[in-house]
S.K.: 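Below: one structure in structure tokens.
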Amino acid sequence: MKQIELCTNTENVLTLKRQIEEVFKNIAEFVDKNCVNAEAINDRLMGSLSVANEILDKELIASINEEFACSKFERI
């Protein structure tokens, strides 16, 4: 099986995506349990998560493209 080695920046972006999703999940659970207007708050949280994911997705694509360009596809 062929594997692609990830550069450090790509790994960091993937880690950040996982971490931010976990943080938002924990906040949403807290809000659900403790806030009267939880639905409105969670809607805003999900909007913020979407923005954060868009930014991280752009960074992820840029990092992967840079890695491929530098490797000349030798590691595929």
Side-chain angles (χ1 to χ4, degrees):
M1 180 171 95
K2 295 182 179 182
Q3 293 184 350
I4 299 171
E5 294 178 23
L6 298 178
C7 69
T8 301
N9 192 46
T10 302
E11 289 180 27
N12 289 343
V13 173
L14 289 171
T15 299
L16 283 172
K17 285 180 67 70
R18 283 190 291 273
Q19 289 174 343
I20 198 166
E21 287 177 9
E22 184 66 26
V23 167
F24 273 81
K25 178 184 162 216
N26 291 339
I27 293 170
E29 288 173 1
F30 175 83
V31 167
D32 282 340
K33 292 177 186 174
N34 298 296
C35 297
V36 175
N37 56 345
E39 188 174 338
I41 294 169
N42 282 335
D43 286 345
R44 292 182 71 188
L45 281 170
M46 291 305 113
S48 297
L49 177 60
S50 294
V51 170
N53 272 326
E54 285 176 20
I55 293 166
L56 291 173
D57 287 343
K58 287 178 186 177
E59 288 301 315
L60 181 62
I61 290 168
S63 179
I64 290 170
N65 286 339
E66 180 181 339
E67 183 66 16
F68 280 140
C70 291
S71 73
K72 299 178 185 175
F73 303 102
E74 294 170 359
R75 289 182 262 179
I76 295 179

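The shown structure was predicted, so the numbers you read here are calculated from the model rather than taken from an experiment. Values below: all heavy atoms of this structure, side chains included; hydrogens, waters and symmetry mates excluded.
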S.K.: Measure the spacing between CG of Asn9 and CD of Glu59 and express it to the nearest 0.5 Å.
M.R.: 7.0 Å

S.K.: For Asn65, check side-chain contact (heavy atoms from CB on, under 4.5 Å) against everything at least two apart and list the hits.
M.R.: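 Applying side-chain contact (heavy atoms from CB on, under 4.5 Å) to Asn65 gives Ile61.
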
S.K.: Does the side chain of Leu14 reach to within under 4.5 Å of the side chain of Glu11, using non-hydrogen atoms?
M.R.: no

S.K.: Would you name the heavy atoms of Ile20 and Ala52 that are closest together and state the gap between them?
M.R.: CD1-CB, 3.4 Å

S.K.: Report yes if some heavy atom in the side chain of Leu60 is under 4.5 Å from a heavy atom in the side chain of Leu56; otherwise report no.
M.R.: no

S.K.: Is there a chain of hydrophobic side chains (I, L, V, M, F, W, Y, each step under 4.5 Å between heavy atoms) that links Ile55 to Leu16?
M.R.: no

S.K.: What pairs of residues pass the salt bridge (Lys or Arg N to Asp or Glu O under 4.0 Å) test when at least one of them lies in residues 36-57, not counting sequence neighbours?
M.R.: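 Sorted pair list: Lys17-Asp57.
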
S.K.: Side chains of Asn53 and Glu21, heavy atoms from C-beta outward: is any pair under 4.5 Å?
M.R.: yes

S.K.: Residues in side-chain hydrogen bond (donor to acceptor under 3.5 Å, both in side chains) with Lys58, at least two apart?
M.R.: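 With sequence neighbours excluded, Lys58 shows a side-chain hydrogen bond (donor to acceptor under 3.5 Å, both in side chains) to no residue whatsoever.
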
S.K.: CG of Asn42 to CZ of Phe30: how many Å apart, nearest 0.5 Å?
M.R.: 11.5 Å

